[in-house]
There are 2 protein chains.
Amino acid sequence: MRADAQRNYDRIVEAARMAFRERGYDTSLDQIAKDAGVGPGTLYRHFATRDDLIDAVMKAWVDHVEETADKALTHEGGPREVLLNWFEEYVRLISVHKGGPAKITGAMGDDASPIRTKCQVLQSAGGRVLDRLRDEDAVRDDVTPLQVARLVGGIATVADQSELDLVAVRPMLEVVADGLLK
Amino acid sequence: MRADAQRNYDRIVEAARMAFRERGYDTSLDQIAKDAGVGPGTLYRHFATRDDLIDAVMKAWVDHVEETADKALTHEGGPREVLLNWFEEYVRLISVHKGGPAKITGAMGDDASPIRTKCQVLQSAGGRVLDRLRDEDAVRDDVTPLQVARLVGGIATVADQSELDLVAVRPMLEVVADGLLK
DNA sequence: GACAATACGGAGACTGTCTCCGTTTAGCAA
DNA sequence: TTGCTAAACGGAGACAGTCTCCGTATTGTC
């Protein structure tokens, strides 16, 4: 990639990161281009669709997901606490941007989605937590990581749309956790 | 209301009903006006916002909700079957239009929403089912009808966005049901 | 039949998406 | 350094959807 192209690419991603955080995923792309100091043509050449841009913004976020899952695995307490701790972290992770929970959970399991790699990371992170609890024979084994991701993602989506805080979300996570535990 | 106003009102609602069913809630309102044979000004005078139009379209649907809840209450079988039966009906009810689950569940608990009356009907219908199960001491009593509506609505939202069928939704509803039952 | 209130409807302002293509620039080779 | 070419830029503008304004038309009443 040419140096000027790389520079503009980086500027656009940075402008998008700010914009998504402050104004949500449905903010104007032309405005993001303006913020980045480039023309709309340049933005659309680098990112054919809105989702491609979202995907790029999420690159750094992936490392954070892995790290958070590791932390959840070493969490002290019984299976219920471990599970609930992961659920809360999961909700926090996918809620960094307004509209994020719906976007991510909707793409979950869709191999054609531009953000599928991000979904896979999230799913495998959750899978690791689930596997550990299965080793302890603590959770039912007829449920897949994808289903769990959708259950918790659904709660996060509702919370995002209704602007609920984690305190309001907690009881709903508890219902799902109790439904999963043996 | 003047006779011509009433006629146009009805035409718009009917056109919107078709459009929402076939093309989802984000379809063009100007197009709906065109389908109804009126100008956009007429549509916007009757319905200031998209939600107001959605609300009007849902008027007939409310009776159907009541009826479905009554049927769920007389459903044969144990508490788990009654609950799951209601959950499946609930998902079906709020999924009549693409985007419906998100719209309805997002408005749940929001007193300022134009479709709040519809949400209240759904909530009280669910409340009746829950009350019956509580009489049998079958469900935990630290969970509100609103929370249950959000849990099931979250699943319906994900299913709608990921285009999952009821077969795929069922296991997730089971997790929630098991988490709610004592 | 006249008149006032009510309602209509479409032109057009505005915003966002996305493309096309003339212009500019980076990077390389002589 | 200069010249060249492929790569990249960027903004004008086509297109679509939202929503309003206001001149025109219709309704219902006296």
Side-chain angles (χ1 to χ4, degrees), chain A residues 1-57 97-100 102-103 106-107 112-115 161, chain B residues 1-57 97-100 102-103 106-107 112-115 161:
Chain A
M1 192 187 276
R2 243 169 63 171
D4 55 343
Q6 182 68 57
R7 181 169 40 82
N8 281 332
Y9 182 100
D10 293 342
R11 279 187 185 172
I12 291 167
V13 170
E14 195 46 41
R17 194 190 310 282
M18 308 257 73
F20 289 153
R21 196 183 299 273
E22 285 166 23
R23 306 194 295 276
Y25 278 151
D26 54 354
T27 194
S28 160
L29 295 186
D30 275 26
Q31 183 58 49
I32 289 176
K34 200 169 283 180
D35 292 349
V38 304
T42 302
L43 186 148
Y44 283 99
R45 197 167 342 92
H46 284 301
F47 308 99
T49 70
R50 180 180 294 271
D51 277 352
D52 289 326
L53 179 53
I54 292 173
D55 184 67
V57 167
H97 299 135
K98 177 99 186 138
K103 189 111 241 163
S113 169
I115 62 169
Q161 282 163 358
Chain B
M1 191 187 278
R2 241 170 63 173
D4 55 343
Q6 183 67 57
R7 182 169 40 82
N8 282 330
Y9 182 100
D10 293 343
R11 279 186 184 173
I12 292 167
V13 170
E14 195 45 42
R17 194 191 309 282
M18 308 258 72
F20 289 153
R21 195 183 300 272
E22 285 165 24
R23 305 194 296 275
Y25 278 152
D26 53 355
T27 195
S28 160
L29 294 186
D30 276 26
Q31 183 59 50
I32 289 176
K34 201 169 284 180
D35 292 349
V38 303
T42 301
L43 186 148
Y44 283 99
R45 196 166 344 90
H46 284 300
F47 309 100
T49 69
R50 179 180 295 271
D51 277 351
D52 289 326
L53 180 52
I54 292 173
D55 184 66
V57 168
H97 298 134
K98 177 100 185 138
K103 189 111 242 164
S113 168
I115 61 169
Q161 281 162 359

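Naming convention: chains lettered A, B, ... in sequence-line order (proteins, then strands); numbering from 1 in each chain.
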Does B:Arg2 get its side chain close enough to the base of D:dT26, under 3.5 Å, for a donor-acceptor pair?
yes
How close or far is atom P of C:dC8 from atom OH of B:Tyr9, stated in whole angstroms?
13 Å
Is any side-chain N or O of B:Asn8 under 3.5 Å from a base N or O of C:dC8, one able to act as donor and the other as acceptor?
no
Please check if the side chain of A:Arg23 supplies one atom and the backbone of A:Ser28 the other of a donor-acceptor pair under 3.5 Å.
no
Of D:dT26, D:dG17, D:dC9, the nucleotide closest to the side chain of B:Asp4 is D:dT26
What is the distance, to the nearest angstrom, from the CG atom on A:Asp30 to the C1' atom on C:dT19?
11 Å
Per side-chain hydrogen bond (donor to acceptor under 3.5 Å, both in side chains), B:Gln6 is matched among B:Asp10, B:Asn8, B:Asp4 by B:Asp10
Nearest to side-chain heavy atoms of B:Pro40, which nucleotide of D:dT18, C:dC18, D:dT20
D:dT20
Just N and O in the side chain of B:His46: are any of them under 4.0 Å from OP1 or OP2 of C:dA7?
no
I need the CZ-C1' distance between B:Arg45 and D:dA25, as an integer number of Å.
12 Å
For B:Tyr44 and D:dT18, what is the distance between atoms OH and P respectively, to the nearest whole Å?
5 Å
Please tell me if the side chains of A:Lys98 and A:Tyr25 come closer than 4.5 Å, counting only heavy atoms from C-beta onward.
no
Would you say the side chains of A:Tyr9 and A:His46 form a donor-acceptor pair under 3.5 Å?
no
With a 4.0 Å cut-off on heavy atoms, is A:Thr42 in touch with a base, just the backbone sugar-phosphate, or nothing at all?
base
Has B:Ser28 got a side-chain N or O lying under 4.0 Å from the OP1 or OP2 atom of D:dT18?
yes
Among the nucleotides D:dC19, C:dT17, C:dG27, which one has an atom lying closest to any side-chain atom of A:Ala3?
C:dG27
Can you check whether A:Val57's main-chain N or O pairs, donor with acceptor, with A:Arg17's side chain at less than 3.5 Å?
yes
Just the rounded figure in Å: distance from C1' of D:dT18 to CG of B:Asp51.
14 Å
If you assign each of B:Arg50 and A:Val38 to its closest nucleotide in DNA chain D, which residue comes earlier from the 5' end?
A:Val38
When the distance from CZ of A:Phe47 to C1' of C:dT19 is rounded to whole Å, what number comes out?
18 Å
Grab the CE-C1' distance between A:Met1 and D:dA7 for me, whole Å please.
11 Å
Taken to the nearest whole Å, CZ/B:Arg7 to P/C:dA7 is 13 Å
What's the closest nucleotide to the B:Leu29 side chain, out of C:dC18, C:dA7, D:dC19?
D:dC19
